[in-house]
Every structure is written in structure tokens, then in C-alpha cells.
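Everything below concerns the one structure shown next.
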Amino acid sequence: MTCPFSPLSLARQPFFKSSGFSSRTCRRQESTARRLRQRLRIKPEPSFAETIPTQDHIIYNPPSSAPSVYHTPFKFLPQNDKRRQRLAAATTSSPFAFSAPTSDNSTSSTLPPPLRAPVQKRYHLTSADFDEIRRLRIEDPLKWSNIALAKKFQCSTVLIPMICSVPKEVKQIREKELEDIKQKWGPKKRAAREDRARRRERWGRDE
Amino acid sequence: MGAFEGIDKLGRYQPPTESCRHDHIPSPHPEAAVHSPKLAALHARLSLPERLPLQTLARSLVDVSADSDPAFNNSSLAILGSDILGYYTSEFLLCHYPRLPMVVLFAAQSAYVGPKTLAALSQEWGVEAAACPGGEVDPGLLQFTQVDPGAPPPDMLKPGTTSRPNDDRHYRRGLSSRIVYDDQFGDMKANPDSGIAITGSSTSFPSSPSRSQPTFPPPSSSLSSTLTSHRPNLGPDRQPTASRTTAYAPPPSRNGTTHERARQTFVRALCGALYLHCGKPYTRSFFRAHILSRSLRPSTPSPATSSLPSSSAPQGLASLFAFTQPTRDLSRLCAREGFEPPVARLISETGRASRHPVFVVGVYSGRDKLGEGAGSSLDEARFRAAANALRGWYLYTPGEGEVSMPSETEIGAGGGNGRERGGGKKYIPPFIDPGEVVV
């Protein structure tokens, strides 16, 4: 370009002037085509590897997704359903084994870890304990709530209402207490609680 | 009578001349049906067989609120059609999904053949409503009287008029009583003895007896010549005159109906007419083509409270379930069926300390995975996993070749022609489930 004041050179001037901070050497960018191509050169999935090149076979490599609820789990199939035998045969013979329909507990180490420690039901309460629970409830129904009784007798809170019920007056007192607490909530707390309950409803509808 | 009588040179429908004006009758005369392009177009659009005459199609478009005469409105056809649609739908649901809980069964029935669906169906068919019913209106239009603004809706039932005993005492409407007393959707229905059920809302026309005065020759077009014995009481020449003047006394109330209700009645009446004129096999194939082919979509969730993208919303019958305590229900189910108690296990997780963690939890009984769910908290994932396991239980369907519905096994159900013998599918007893989980 002969003219030194061409619009192109003028436009470029500030760029060269301000380049004092960076090095003048040509730096290779990360985003060159070759680099990207090298990066994307991933080894294929093992199921695509030609294990049996001599004969035709089906490659089964579905994308990861949530399982469909329309596929009945093996355990939920009725005893006379034909899929039981087919699934059992498929898991034993095929290399692509999905949910294991065996019921042996030998390889429990392969199962994912449980969220909570499994609780063993103890069935340790006797009829004398039941009588004691009823007596305590009659003695002081306000003090001996379901939670307190369950804690004392080391049983589930679900069990206590099966043994003895709460008097109506105590229920009303509790409801009154809860209402008083709710009266003290501000609009933010109330809205947050309502939103939480609404979200929980959506869990049940799988939305 | 020429085939193109009543049509002008531009193909428009011309009302009959002074010699046979039908202004004084509440709904179009059956003779006018042959000359209506709208009706012929609807007949062709739905690929209805020639055995269904245009006159019957026209009659199925006349609501009871337009014409209170049961010989000219669609109320009797609609009762038959409602039963047929209800039977085919419940048969399909019970045979294909034998474990569905009763609430979901009611919801599914309503989703397939409920009022809203049928109204949408008739709208998709291109059925238009007349602004006001009358004898001069094109018979291809849906004829009904709009309910007055501010008036109570016609399907609202007052205590004492429902089919439930002691319904004025406001007893709890439990599920068992809904099965016994209520209609196919689990909704309250009118008591047949109270006179509301059949005629519903009626309009009285003072000129009703005069409709039997003019005599018309029987329809002579090629369409109606094929039917003889299948045909219900259609032409005025077949109507006993005495019954219309004396036996039938229209109630004096002048109640209208809603647009949706009139449309729903039309679809039901059309199914009833198809059953009468074309027989069971054609009605079944019509039902399959127009009702069962519809996909059940959930209503779009509001984005404000949605924690997952809307693409993950369940499709089909799975969208009808709403669990409140799935973990408890699942453990009850496992105890009932003799499975090991369910255990929630963490399959994978990401971003536990971040703002958007995702946990994938599976519910296992012994070594078998029953369900899997993902959520932004451990509690949510466990809840969803248990709910999915319950859906997996309830949505069990026998294999493709393992189901035969009773209507398929009937003689002549296989072919398109109802008169041919044989061809019924082999009967396989349906799977009977012990019932839903009761806690």
C-alpha cells in the first residue's frame, strides 16, 4: 500500500500503539483448527469397536437419559409375563447386561451406597410397654407427645398413633400454637414456605 | 326432486322457497340436509361411509337446546354414543394398563373422551356453530341455544337432583362411592328420575305440533337409498303424528347450553349414529382413528416454580399421576408383594457444594432397581425415584401380543364389513391386578 494515510492504516494505528503491554511475538492461539481437531480426536466407545468383525451385529449404545417409566422393572413384572424369561435369558447370555434380575446378595459391594443407613425393625416393644405408653399419654398428653414417646421407647413415631390417639383438646392447643408461630412469619418467609410446598407438589407430578 | 335443488349457480345454499319454508320449525328439516354443502363437506372430511346418511349427520348436529323434540335432536344418539365411547375407552385402559389406580383411570377416561377433548375434537373437524338455531339455518352448522349470560351453568347440579342418595346432607364423596354412584369420569351425574339427565336443558317451541303438518317425499338421493333397516326414525313421514302432539310435552324452561357442551354432545351423537348405521367394526375403527390416536400431553408447567426443564415433563398416562408420599406407598407396596423393603441409593452426583447440585438416586429392592430419579437435593431425588418406581408399577402393560380387548374378539370385528362372519381375535383373559396400594 503506497499511501501511508489510507483509511486502513489509520484504523490500525491505535492497535499497534496500544500493544505495548503485550509481547510483539506471534502467539499461537488455542483456537486453531489443528488444535481443535486434535482435541476432538477421542477414542471411540468400546461398544463401537469391532469385536466380531466377521458377522453382522447390532451396536447398542443409547445416549444417557433418565429411564422411562413405561419400562416396567423386572421385579414388577407378574410371574406369568413372558418378558421375565426373556430378560433373565438376556442377562445371562448377552454381554450387554442391564439390570441384574438375580436375587443373590453375594455381590452387594457393586451396588451404589445407600443414602441412609438401613434401619432394621426391632419389634422390641411388649404389651407392657404398650400399656405404659397409654398410661403416660393419659397422665400428661401435653408432655408425652408422639415424638417424646417414640424417643423414650426407641420406636418409630408412626407406631405411637397406632397405640393411642391424641385427645381433641391437645390437638387444638397444638394447632393454636402452630398458628401463633405462623402469625409471626413475615411475607418473605411465608412466600418461601409456600413456594417450597408448591415445588414439592411438582416432585410428585414429575415436573 | 333434483339433486341440486336448493343450491344456486354459485354453489351456495339457498333456503327453500315460500312453498316449503321452514322458518317456523326450530331446527332444519331433514330434507335440507341433502342440499347442504357444509354437511357434505363434513361427511367427506371425516371419510364417513355412505351408509351414514346426511340426514342423520344433520340430526347429530342439533342439540336439545335448539330443538326439544327428541325425534329431531341428538340427545338419544348422544346417550348411545357416550356409552360406546366410554366402553371402548375403559376397555382399552383396563386391558392395556391393568394396574392403573382408580383416580388415574377416571382422569384418563376424562382425558380421552371427556367433554373438553370431545369439544376440541369437533373443533378440529371444522364444525362451526350457528349463531342462533332455526329451521332456515344451514344444517351443516352446530345448532344450540347459548346459555344466558349470568345464568348458572347447565351442568351444575343442585342437591337433590344427583344420582347420589342423601346428597343434600353433604356426605364425603369418597372414591368407592364415586365408582358406584357417579358417571364414567367420576363426576356427579344427574338423577334419571329427576328428569334432567336425558333432556338436560330444553327449549320449548310453541309451534312444535305444526311441524308434522307438511308431508315430504322420502329422500331420494343416492346416499339415503342404501339404508333401509338400519335407519332409526328419521323422516317426518315415519313419525307418528300423535306422539308429537300429545305424548311429548316439552318442559317450559328455556335453558340454553354452553358451546363446549353442545360440541361434546355432537361428537357423542355422531358415534352413536355410526354405531347404528355402520355397526361395531366401523365404530371401533373410527374410535381408534379419532380418539385413541390422540397423544396425552401434560399442561405446560409455569416456569417460576419448575426446577427441571419442561422437556422432562412426563408424557402420556404418566402425566396423570400425582404422589404426595411415594416413599411410604412404595414401602407398603413392597411389603404387600413380598419384596425386600426399598432402599434409596445414590447412583451419581455432581456439584454437591455448588448452587445447582444434581443427585441421581435409585430405589432398590434387594439387588433390583425399581426406579430412578434426579433432583437438586437428596430428598427430592429420593422422592422422585420412589414416585417413578410407583409409576413403573402402575403403568405395567402386558406385551403387545398378550392383550385382546373383548370388543376385538367379537364376531366380525376383524374386517371392515360388519356383516361378514368370523375374524374375531382370539380371546386372552386380561391380567387382573390385586389393586392399588392402600395405606
Side-chain angles (χ1 to χ4, degrees), chain A residues 64-88 91 97-121 156-158 191-192 194-207, chain B residues 99 298 301 304-308 310 312-314 316-319 321-326 328 337 339-341 343-348 360-362 364-375 378 380-384 387-389 391-399 401-402 431 433:
Chain A
S64 57
S65 58
S68 166
V69 288
Y70 292 100
H71 295 166
T72 313
F74 180 82
K75 205 151 200 171
F76 286 169
L77 290 173
Q79 287 301 326
N80 54 358
D81 198 286
K82 284 181 183 168
R83 276 168 284 184
R84 263 188 176 272
Q85 288 85 34
R86 285 183 209 149
L87 279 176
T91 41
F98 47 108
S99 72
T102 53
S103 49
D104 58 327
N105 290 317
S106 56
T107 55
S108 64
S109 60
T110 58
L111 281 177
L115 286 187
R116 303 166 177 175
V119 181
Q120 283 294 327
K121 286 188 180 175
S156 164
T157 48
V158 182
E194 283 167 6
D195 281 351
R196 208 173 296 158
R198 225 170 287 146
R199 279 201 295 273
R200 211 180 163 80
E201 264 176 38
R202 302 180 73 94
W203 300 354
R205 279 182 271 132
D206 199 15
E207 284 173 356
Chain B
R99 281 180 183 160
T305 51
S306 173
S307 58
L308 287 171
S310 60
S312 71
L317 288 175
S319 63
F321 287 87
F323 295 101
T324 49
Q325 285 187 305
R328 185 189 67 178
E337 297 296 320
F339 304 147
E340 294 98 325
V343 178
R345 295 172 184 276
L346 184 61
I347 294 173
S348 72
V360 180
V361 165
Y364 288 75
S365 168
R367 295 199 49 78
D368 292 296
K369 188 161 82 177
L370 305 179
E372 193 181 307
L378 287 171
E380 179 187 353
R382 192 169 58 92
F383 191 104
R384 286 180 183 274
N388 281 338
R391 281 193 194 91
W393 168 266
Y394 284 132
L395 288 171
Y396 161 75
T397 177
E402 310 292 315
F431 176 78
D433 188 67

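What's counted below: heavy atoms across the whole structure, side chains too, no hydrogens, waters or symmetry copies. Throughout, protein chains are lettered first and strands after them, A, B, ... in sequence-line order, and every chain is numbered starting at 1.
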Can you tell me which of [options] forms the most heavy-atom pairs within a distance under 4.5 Å of chain A?
options	answer
B:L346, B:D433, B:T324, B:V343	B:L346
B:A322, B:P341, B:P326	B:A322
B:F321, B:F383, B:F323, B:F431	B:F383
B:S365, B:G371, B:S348	B:S365

Distance-only donor-acceptor hits, side chain of residues 392-399 of chain B, under 3.5 Å, sequence neighbours excluded:
unit_1: B:Y394; atom_1: OH; unit_2: B:V437; atom_2: N; d: 3.1
unit_1: B:Y396; atom_1: OH; unit_2: A:D81; atom_2: OD2; d: 2.5
unit_1: B:T397; atom_1: OG1; unit_2: B:H96; atom_2: O; d: 2.6

Could you check whether atom CD of A:Q120 has more than 12 heavy atoms from other residues, nucleotides or ligands sitting under 6.0 Å from it?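 No, CD of A:Q120 has 12 or fewer neighbouring heavy atoms, counting only those of other groups under 6.0 Å.
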Region of B:V360 that comes under 4.5 Å of a non-hydrogen atom in chain A: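 When you check distances to chain A, no heavy atom of B:V360 falls under 4.5 Å.
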Taking salt bridge (charged side-chain N to carboxylate O under 4.0 Å, His left out) as the definition, give me every residue that meets it alongside B:E402, ordered by chain and number, with sequence neighbours left out.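 Testing B:E402 for salt bridge (charged side-chain N to carboxylate O under 4.0 Å, His left out), a comparison that skips the adjacent residues, returns A:K82.
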Measure the spacing between CZ of B:R382 and CZ of B:R345 and express it to the nearest 0.5 Å.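 Result: 14.0 Å between the selected atoms.
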With rounding to the nearest 0.5 Å, note down the distance linking OG1 in A:T72 to CZ in A:R83.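 Interatomic distance, A:T72 OG1 to A:R83 CZ, rounded to 0.5 Å: 5.5 Å.
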